[in-house]
Structure formats: C-alpha cells, structure tokens
Asker: 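Below: one structure in structure tokens.
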Amino acid sequence: MRTDIIHKIFNKSVSSEDLRNDELDDLFDITERHRIKKIFIDSINLKEDKRVEYREHAVQYARYSCTRDLKILSAANQLSVILEGANINFIFLKGTAFKKSIYKDSSWRDCRDIDFLVRPDDAKKTLETLFRNGYKYLVAEDKQNTEIDFRNSHQTPVLVSPNGQYLEVHYRITMENEICLLAEDMLKTQNNHIAEKNLNLIHVTYHALVMNKLSNGLVSLIDIHHLLEKCSKKELLSTAKKYNLDEIVLHMIDLYELNLLKNEKKINKTNLLSI
C-alpha cells in the first residue's frame with residue numbers, strides 16, 4: 001500500500017476496514033507529509049469505519065481541513081478585491097487556483113500559501129499596492145523594497161497578509177528564456193483569475209519537475225489527475241511544444257500513469273522514470 005497510494009485513491013480498490021491500525025497510522029503520516037491526507041481519508045471512506053477512534057479522526061481532520069480551506073479562500077478573495085481595485089491583471093497559481101476550479105471538494109487541495117502571477121511590468125505596482133494594504137515581507141518586515149531582479153528570479157520574497165496568510169507574487173513561470181511566453185499566455189487566457197487548464201497543467205509539470213525536483217511529492221500527481229480529466233493529452237502535448245516543455249509534460253504524465261495504473265497496463269519506463 002505504501003508504494004501505490006495514488007492507485008488506491010483513484011481506483012477505489014481499498015476501504016479503511018481493509019487496513020490494520022498500524023497500516024492506517026503509517027499511511028496517515030505519509031499522506032499528511034504529501035499534503036493529500038484529506039482526499040485519502042475520503043477515498044477510503046474512513047467516516048464509516050467500525051473503529052470509533054478512526055471515525056472520530058476523520059471528523060476532526062475534516063474540521064481542520066475545512067478551517068484551513070476557508071482561511072485560504074477568504075484571503076484569496078480579499079486579495080482579489082485589492083488587486084482588481086488597482087486594475088492589476090493577475091491569476092492564481094497552483095493550490096489556490098485548483099481549489100477554485102478543478103477539485104470537487106476544495107478542502108482536498110491543501111496549500112500553505114497563495115501564489116499568483118502578474119505581468120513583469122505590474123510587479124512593482126503590485127508590491128506597492130499590497131504594502132499600502134498592510135501586507136509585509138515575511139523577512140525584513142519593516143522594509144518595502146520594490147526592486148526586482150527579473151533576470152535571475154521568478155517571484156518576490158514571501159509576503160504576509162494582515163491576517164497572517166503567506167503569499168508569493170510571481171512575474172514569470174519558467175526561467176528558460178528572457179521572456180516567459182507561458183506566463184504571458186496564462187494571463188491572456190484567464191477566466192475569473194484562473195488560467196486555461198492546459199496551461200495550468202503545463203505549469204504544474206514544470207514546477208514539480210524543474211523547479212522543485214519532485215520535492216513537492218504526490219500532491220502534483222493528484223493535480224495532474226484532475227487536470228487531465230478536463231484536458232486532451234494530445235492537445236496538451238501539442239500546446240506544450242510551443243513552449244519547448246513537451247518532454248517535461250510527458251515525463252510527468254508518465255510518472256502519474258505509472259502510479260495510477262500500476263500493473264493494470266504495461267508502461268514502457270525510461271531509466272529516469274524507473275528511478
């Protein structure tokens with residue numbers, strides 16, 4: 001079970017009562033570290049478990065997840081009001097965007113901060129607007145520096161909202177070229193501050209594999225699962241080719257399918273994918 005959590009979640013091939021106490025406890029630890037514990041608990045129907053302590057755990061964790069979810073969404077809505085009032089074009093990225101668009105239950109998508117993207121030309125104005133509204137840098141909170149190293153960075157230092165919510169201002173997605181065409185297109189195709197799904201999926205794969213070296217764990221594969229439900233794989237790879245990111249996208253989709261399908265389908269694994 002430790003090695004095929006994604007398979008178990010989406011194929012609904014196990015319930016909580018199929019698992020011993022020590023197995024459940026081990027999986028709680030793994031899924032919490034990967035920030036997919038709520039979706040795991042719901043997929044194994046833990047609320048219906050015969051063991052009272054696990055039913056109670058499911059209820060308590062649902063309350064905890066709901067509280068975090070409401071806090072993030074409230075902070076995101078407040079941010080929208082501020083940026084819209086300043087006529088700044090922006091989109092939410094990753095967790096916040098997916099809470100608002102692809103997850104049936106927004107509490108399934110855990111996220112620790114709010115990431116959003118603006119045009120490079122709007123980065124300074126964005127920081128000035130946030131500072132006027134009580135946002136501060138997490139480090140050096142008494143500073144209000146708006147100078148940005150566009151050549152060597154893709155986001156500002158972490159900011160904190162007046163109610164303690166962390167957020168990051170991005171002004172590019174990739175670091176491959178001087179101009180980030182993917183970021184430009186994501187801002188162009190947005191609907192209610194959410195980018196088009198194909199572009200969001202390309203960003204997720206790039207962020208997971210290139211920026212984070214897969215250190216963000218299984219949550220990226222869960223995102224890919226939900227995005228692929230809304231996207232054509234063929235169309236997605238064709239779009240990714242425009243940004244020279246098709247190999248990265250294909251690698252992450254192969255990694256997702258390897259976890260999802262396990263032995264149900266023969267997958268030709270490259271040496272890198274096997275590792």
Side-chain angles (χ1 to χ4, degrees), residues 5-6 9 28-43 61-83 90-118 126 130 135 137-138 154-173 183 186 190-197 199-230 252 256:
I5 293 172
I6 300 291
I9 288 175
F28 287 160
D29 179 60
I30 294 169
T31 54
E32 185 147 27
R33 279 189 280 113
H34 284 267
R35 294 183 288 136
I36 59 171
K37 185 174 178 180
K38 180 61 164 58
I39 196 171
F40 173 71
I41 283 175
D42 289 352
S43 74
Y61 199 81
R63 289 172 180 162
Y64 164 75
S65 299
C66 183
T67 299
R68 289 191 64 180
D69 190 47
L70 290 172
K71 182 179 178 183
I72 285 275
L73 291 175
S74 174
N77 291 338
Q78 180 61 35
L79 181 66
S80 292
V81 170
I82 292 170
L83 296 181
F90 75 97
I91 56 170
F92 292 110
L93 298 173
K94 299 182 292 181
T96 308
F98 301 153
K99 278 178 176 292
K100 289 174 164 283
S101 59
I102 65 171
Y103 280 84
K104 181 176 69 174
D105 181 339
S106 60
S107 70
W108 283 353
R109 185 42 165 98
D110 187 16
C111 58
R112 293 169 293 205
D113 53 19
I114 296 172
D115 296 87
F116 67 99
L117 175 72
V118 299
T126 299
L130 294 176
Y135 292 74
Y137 285 125
L138 177 61
H154 69 287
Q155 67 182 60
T156 66
V158 177
L159 291 140
V160 184
S161 72
N163 66 352
Q165 182 61 58
Y166 294 170
L167 64 155
E168 295 176 355
V169 183
H170 296 248
Y171 32 82
R172 62 185 299 131
I173 295 298
M186 289 178 79
Q190 66 152 303
N191 180 23
N192 198 25
H193 307 306
I194 307 292
E196 189 268 328
K197 291 181 177 63
L199 301 185
N200 260 323
L201 208 159
I202 293 169
H203 172 227
V204 165
T205 59
Y206 181 88
H207 184 263
L209 188 60
V210 179
M211 303 297 284
N212 278 3
K213 315 298 182 192
L214 298 179
S215 65
N216 50 346
L218 295 175
V219 68
S220 294
L221 300 186
I222 301 284
D223 289 341
I224 289 170
H225 172 88
H226 286 289
L227 285 162
L228 279 174
E229 289 184 325
K230 315 286 186 181
M252 288 303 297
Y256 156 71

Asker: Is the closest side-chain heavy-atom distance between Ile194 and Ile91 below 4.5 Å?
Answerer: no

Asker: Do Glu168 and Val158 come close enough that some side-chain heavy atom pair is under 4.5 Å?
Answerer: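 In short, these two side chains touch, coming nearer than 4.5 Å.
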
Asker: Can you check whether Gln155's main-chain N or O pairs, donor with acceptor, with Tyr171's side chain at less than 3.5 Å?
Answerer: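 Looks like yes, one N/O pair under 3.5 Å.
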
Asker: Compare all side-chain heavy atoms of Arg33 with those of Asp29 and state whether any distance is below 4.5 angstrom.
Answerer: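 The answer is yes; the side chains approach within 4.5 Å.
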
Asker: If you count heavy atoms of other groups shown closer than 6.0 angstrom to OH of Tyr166, is the number above 12?
Answerer: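 No, OH of Tyr166 has 12 or fewer neighbouring heavy atoms, counting only those of other groups under 6.0 Å.
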
Asker: Please report the shortest heavy-atom distance between Leu167 and Ser161, naming the atom on each side.
Answerer: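 Nearest pair, atom of Leu167 first, then Ser161: CD2-N, 3.9 Å.
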
Asker: Specify whether His226 and Tyr103 have parallel, tilted or perpendicular ring planes, treating 30° as the upper limit for parallel and 60° as the lower limit for perpendicular.
Answerer: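 Rings of His226 and Tyr103: tilted, as their planes differ by 30° to 60°.
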
Asker: Quick check: Phe90 with Phe92 (ring centres under 6.0 Å apart)?
Answerer: yes

Asker: Using a 4.5 Å cut-off on heavy atoms from C-beta on, say whether the side chain of Leu83 contacts that of Phe116.
Answerer: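 Yes, side chains in contact.
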
Asker: Please round to the nearest 0.5 Å and tell me the distance separating atom CG of Leu117 and atom CD1 of Ile173.
Answerer: 5.0 Å

Asker: Which atom pair, heavy atoms only, marks the closest approach of Cys111 to Arg35?
Answerer: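 Taking every non-hydrogen atom into account, CA-NH1, 4.1 Å.
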
Asker: Suppose we screen for side-chain hydrogen bond (donor to acceptor under 3.5 Å, both in side chains). Which residues come up paired with Asn77, at least two apart in sequence or across chains?
Answerer: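 Asn77 satisfies side-chain hydrogen bond (donor to acceptor under 3.5 Å, both in side chains) with Lys100 once adjacent residues are dropped.
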
Asker: Does His207 have any ring-ring contact (aromatic ring centres under 6.0 Å, His included) partners at least two apart in sequence or in another chain, and if so, which?
Answerer: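 ring-ring contact (aromatic ring centres under 6.0 Å, His included) check on His207 returns His203.
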
Asker: How far apart are the closest heavy atoms of Gly217 and His34, and which atoms are they?
Answerer: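 Looking at all heavy atoms of both residues, the closest pair is CA-ND1, 3.4 Å.
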
Asker: Are the side chain of Ser74 and the backbone N or O of Lys71 linked by a donor-acceptor pair below 3.5 Å?
Answerer: no

Asker: Between CD1 of Ile102 and CD of Glu229, what distance do you get to the nearest 0.5 Å?
Answerer: 8.5 Å

Asker: Any side-chain heavy atom of Ile30 sitting closer than 4.5 Å to one from Phe40?
Answerer: no

Asker: Enter the distance from Gln165:CD to Asp113:CG here, rounded to the nearest 0.5 Å.
Answerer: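 These two atoms lie 7.5 Å from each other.
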
Asker: Let me see the working for Lys38 and Asp69 under salt bridge (charged side-chain N to carboxylate O under 4.0 Å, His left out), right down to the final yes or no.
Answerer: CA-CA 11 Å; Lys38 180 61 164 58; Asp69 190 47; over 6 Å; no

Asker: Kindly give the heavy-atom pair with the smallest separation between Ala75 and Ile114, and that separation in Å.
Answerer: CB-CD1, 3.7 Å

Asker: Quick one: are Thr96 and Lys99 in side-chain contact, heavy atoms under 4.5 Å?
Answerer: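 No, side chains not in contact.
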
Asker: Nearest 0.5 Å, please: how far is CG in Leu228 from CG in Asp223?
Answerer: 11.0 Å

Asker: Could you measure the distance from the OH atom of Tyr64 to the CG atom of Asp110? Nearest 0.5 Å is fine.
Answerer: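 So the gap between those two atoms works out to 6.5 Å.
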
Asker: Rounded to the nearest 0.5 Å, what separation is found between the NE2 atom of His225 and the OH atom of Tyr256?
Answerer: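 Reported value, rounded in 0.5 Å steps: 4.5 Å.
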
Asker: Can you name the nearest heavy-atom pair linking Ser220 to Val204, along with the distance?
Answerer: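 Shortest heavy-atom contact: O-CG1, 4.1 Å.
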
Asker: Side-chain contact test, heavy atoms from C-beta onward, threshold under 4.5 Å: evaluate it for Leu79 versus Leu130 and give yes or no.
Answerer: yes

Asker: Do Leu214 and Met252 come within less than 4.5 Å of each other through their side chains, counting heavy atoms only?
Answerer: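 The answer is yes; the side chains approach within 4.5 Å.
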
